Amino acid sequence: MNRYEPLKIEQKWQEKWEKESPFRALDGAKAPKKFLAEMFPYPSGAGLHVGHVRNFTIVDILARFYAQKGFNVLRPFGYDTFGLPAENYAIKTGVSPQSATKINVENFRKQLKRLGYYIDWDREINTSNPEYYRWTQWCFLQLYKKGLAYQKESYQWWCPVDQTVLANEQVENGHCWRCGAEVEKKKMKQWFFKITEYADELLEEIDSLDWPDKIKTMQKNWIGKSTGAEIEFELAPDSQETSDSSTKTAITVFTTRPDTIFGATFLVLAPEHPLVPLLATENTRPAVEKYCADSLKKSEIERQENKEKTGVFTGSYAINPATGEKIPIWVADYILSGYGTGAIMAVPAGDERDREFAEKFNLEIREIEKTPEKPFGKEKTTYRMRDWLISRQRYWGCPIPIAYDKSRNPHPIPEDQLPVLIPEVSDYKPDNTGRSALAKATDWLKVKIPVVDEKTGETHLEEMTRETDTLDGYACSSWYLWRYASPNCSEFAWDPEKIAYWEPLDIYCGADHAVAHLLYIRFWAKFFADEGKLPFREPVKTLLYNGYINAPDGKKMSKSKGNVIDPLDVINSGYGADTLRTYEMFIGPYDLDAAWNPRSVGGVHRFLSRVYALAFDKQTPENALKNSGKTDKAPEEIPQNAPLRAKTIKRVTEDIERYSFNTAVSALMEFVNDLYKSGASAEDIIILAKLLKPFAPHLASEILEAYHSDDSWPVCDESLLESDLVQIIVQVNGKLRGKLSLPAEFLENEEEVKKLALEDKNVQKFVKTTPKKTIFVKKAKLLNFVV
RNA sequence: GCCCGAGUGGCGGAAUUGGUAUACGCGUUCGACUUAAAAUCGAAUGAGGAAACUCAUAUGGGUUCAAGUCCCAUCUCGGGCACCA
């Protein structure tokens, strides 16, 4: 008895692939190219999880499929290594992020190899490698040169105890998630990328993308374009008790319905609006100031959770330009400072929120009786999308290549001084001024930057202080797909010739980052296309967004619940990588979430064991080859299998092409079941192994080697699909009443089929009189009598 | 609240263009092999019915010779957005 021993087979092939590197992509080869990638992972200390395996296996199947079809395939791999977990680990243990990352990457690589992935290991990318982040810094400088990287004061969450900035999600009920201290909002100068510059193009090109509708809709909502008008409301002359002539005398509001202006009975400003302090009068000032201070303290989440309207009257009035009437100006936190102008004209008769506010505070609600013939104000388009805040007060990130002179003016680090290396420190905690641990590297902070003297035109070196913020990790991942084309290029971020050959990416697969990452790479592609550095404006042709794998009970897997399934455990338990890969494809449609089912894993393993038995146990490869005429001229002994093979080739090929991996596996299972009944020739086994190879590459390689076959993707002989006999379905009133097995030429002869159908005894039971109507569908091989 | 997506056996799911509903797998049952068990192999498996047949794709209508598929309404679940003026 010759049993399937996956671990043995897999070790053999993995060693061979390690030695021979057969998955290298050939730059500029003549064969048509396919460039495929998954969203590169953050290599956590926990190693691969089954969700990674699903994602990577989808890409692997496509890579192998296209390689077997003769394409020049590029399937690289990379690691998104900057990030908080490594930094927090360093703060806790003192182990540097550099060395923790190195260990984690090595572990990931080892695990990936245990899965037998088709990866061009010469193109491995690591974002925390200075040779990589050098070019991330270069990208920043290109954006900076064009004014698309800029500094702006903005409010940030600040924990006074931990002395650090917090993200919105790290603030719980107004308290720091770590120490519980009440957080403050602190105005800080931060770096931004001006993604809003491309808002229109990012929106318009969404429709042309071969991406899931879900993602396209999310991006559209995120960009949130709306068109309307900005209208100026003059302040009523006597409205300000603090009469200051230099004060601005108009408030600009944004509205999508300028036609409703006759119903505007008051104005509302966001608490952060700069005019609020000026509008407050002697009497109202204490209340206004308290309201604004309270609002600032509330988190965005709290402000949105509490839908009960709150607000306060400023004491000032404005003039409605349509009616000439004096209307009161209020402050309320249901107006968002970051959207539009941070001020609205309230039309309680037309807007639900304004009505609610007016009812609560007893303000006038006036029906919109007429609409102005000429629209007020000037046309204006606004977006929900804000500029991308990229400053992070973190150690473990790509340093922003900027230095400040004595007056705190920013200067770019000259490109020939890149990379700005991350300095080594011994303590990774942020310092007490809200700066990252980079600030502790006192020697590193000082840098001499060439400055051109405006008067003399001469260049001199000026001592400056480096920026201590690092870049958002999303910046590092915004261009890595282009680095894959020339991962070791030392002259450019990417080699233009190689970019022209490989890019854009044909298929990108992932399960996350619907708006952030997938919007940022589009933004950078457009920017660098404008710079003449990329020959395309959309970086990803087809996007596959795969579902999650949940625990057997349907809940999310998590360490704390203790329900995590470790893919290496599945492999090592004896199932092997081929079973794991094939199971995760068989689990269901790739784009839906699925629950892990241990019994089903066993079912897939049984299937692969049957494949193995077919090739090695029921007969030896030598005998099979002899019998099917591979080694002598004897005719193939199982003629009915030729159409079966053709059918299977067609199904598996088409299923992979439409990403229906679960049904492709089903088709292979059916083929194997049929071969168990009919017996299998060498030809049958070779075709089976070729079709199986993308899913179970080790086992398939083992079979193909023993059967002296290459792995070229088989072509379906369509003529074999047309059998001599066809089955014709006979319905009466749409219900199945009989089946006729007839020579194929009968499909051309409707009358004859009708005659034969009416001779069927069962059909006769339901057709007592002459049918009113007869419908014959040749394509469906179906006859329907209407009685 | 708004916008998407989905609802098919005991379970995961299939049905690609309106044309044989329930492929494939799991589970269950029976049989073979075995002293026995496991493994393996074979058979059965939507419900009702002895059968003929009838009824079944969330619910109720509709269009059609024919509907899981198209249309209308309702319910349930999942996802996204959520005071965006």
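Letters go in sequence order (proteins before strands), and every chain restarts at 1. Owing to the predicted nature of the structure, the values given are computational and were not obtained by experimental measurement.
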A correct dot-bracket answer for RNA chain B, with pairs being Watson-Crick or G-U at under 3.5 Å, [ ] for crossing pairs and | for inter-strand pairs, is (((((((..(((......[....)))((((((.......))))))(((....)))..(((((..]....))))))))))))....
Is the phosphate of B:C55, meaning OP1 or OP2, less than 4.0 Å from a side-chain N or O of A:K735?
yes
Can you tell me how far C1' in B:A23 sits from the matching atom in B:A15, rounded to whole Å?
8 Å
Under the salt bridge (Lys or Arg N to Asp or Glu O under 4.0 Å) definition, can you give me all pairs with a residue in residues 257-267 of chain A, not counting sequence neighbours?
A:R257-A:D259
What pairs of nitrogen or oxygen atoms, one from the protein and one from nucleotides 60-70 of chain B, lie under 3.5 Å apart?
residue	atom	partner	partner atom	Å
B:C65	OP1	A:K773	NZ	3.3
B:C65	O2'	A:N784	ND2	3.3
B:C65	O2	A:N784	ND2	2.7

A:E325/A:R366 salt bridge by N-O under 4.0 Å criterion:
yes
Test applied, side-chain contact (heavy atoms from CB on, under 4.5 Å); reference residue, A:K739; option that passes from A:N762, A:I729, A:V730, A:D760:
A:I729
Taken in chain and number order and not counting sequence neighbours, the residues that satisfy salt bridge (charged side-chain N to carboxylate O under 4.0 Å, His left out) with A:D387 are none
Please write out each protein N/O paired with an N/O of nucleotides 38-40 of chain B under 3.5 Å, distance rounded to 0.1 Å.
residue	atom	partner	partner atom	Å
B:U40	OP1	A:R606	NE	3.4

Closest to the 5' end of RNA chain B, once A:T663 and A:I729 are matched to their nearest nucleotides, is A:T663
Are A:R658 and B:U16 close enough that a side-chain N or O sits under 4.0 Å from OP1 or OP2?
no
With a 4.0 Å cut-off on heavy atoms, is A:K765 in touch with a base, just the backbone sugar-phosphate, or nothing at all?
sugar-phosphate
Base B:U20 to side chain A:K781, donor-acceptor N/O within 3.5 Å cut-off:
no
Which pairs with one or both residues in residues 576-593 of chain A pass salt bridge (Lys or Arg N to Asp or Glu O under 4.0 Å), sequence neighbours excluded?
A:D60-A:R581
Rounding to an integer number of angstrom, what distance separates B:G13 and B:U17 when you compare their C1' atoms?
22 Å
Strictly under 3.5 Å: I want the nitrogen or oxygen pairs between protein and nucleotides 78-80 of chain B, one per line.
none

State which residues pass side-chain hydrogen bond (donor to acceptor under 3.5 Å, both in side chains) with A:S558; sequence neighbours excluded, sorted by chain then number.
A:S560
Please give the distance between the P atoms of B:A21 and B:G31 as a whole number of Å.
33 Å
Residues passing the side-chain hydrogen bond (donor to acceptor under 3.5 Å, both in side chains) test with A:K693, sequence neighbours excluded, are A:D711
Nucleotide B:C81, atom P - distance to OH of A:Y383 in whole Å
21 Å
Could you note down all residue pairs passing salt bridge (Lys or Arg N to Asp or Glu O under 4.0 Å) where residues 653-662 of chain A supplies at least one of them, sequence neighbours left out?
A:K69-A:E657, A:K650-A:E654, A:D655-A:R658
List in numerical order all residues of residues 574-583 of chain A for which some heavy atom is under 4.0 Å away from an atom belonging to RNA chain B.
none
side-chain hydrogen bond (donor to acceptor under 3.5 Å, both in side chains) partners of residues 768-779 of chain A, not counting sequence neighbours, each pair once:
A:E748-A:K778
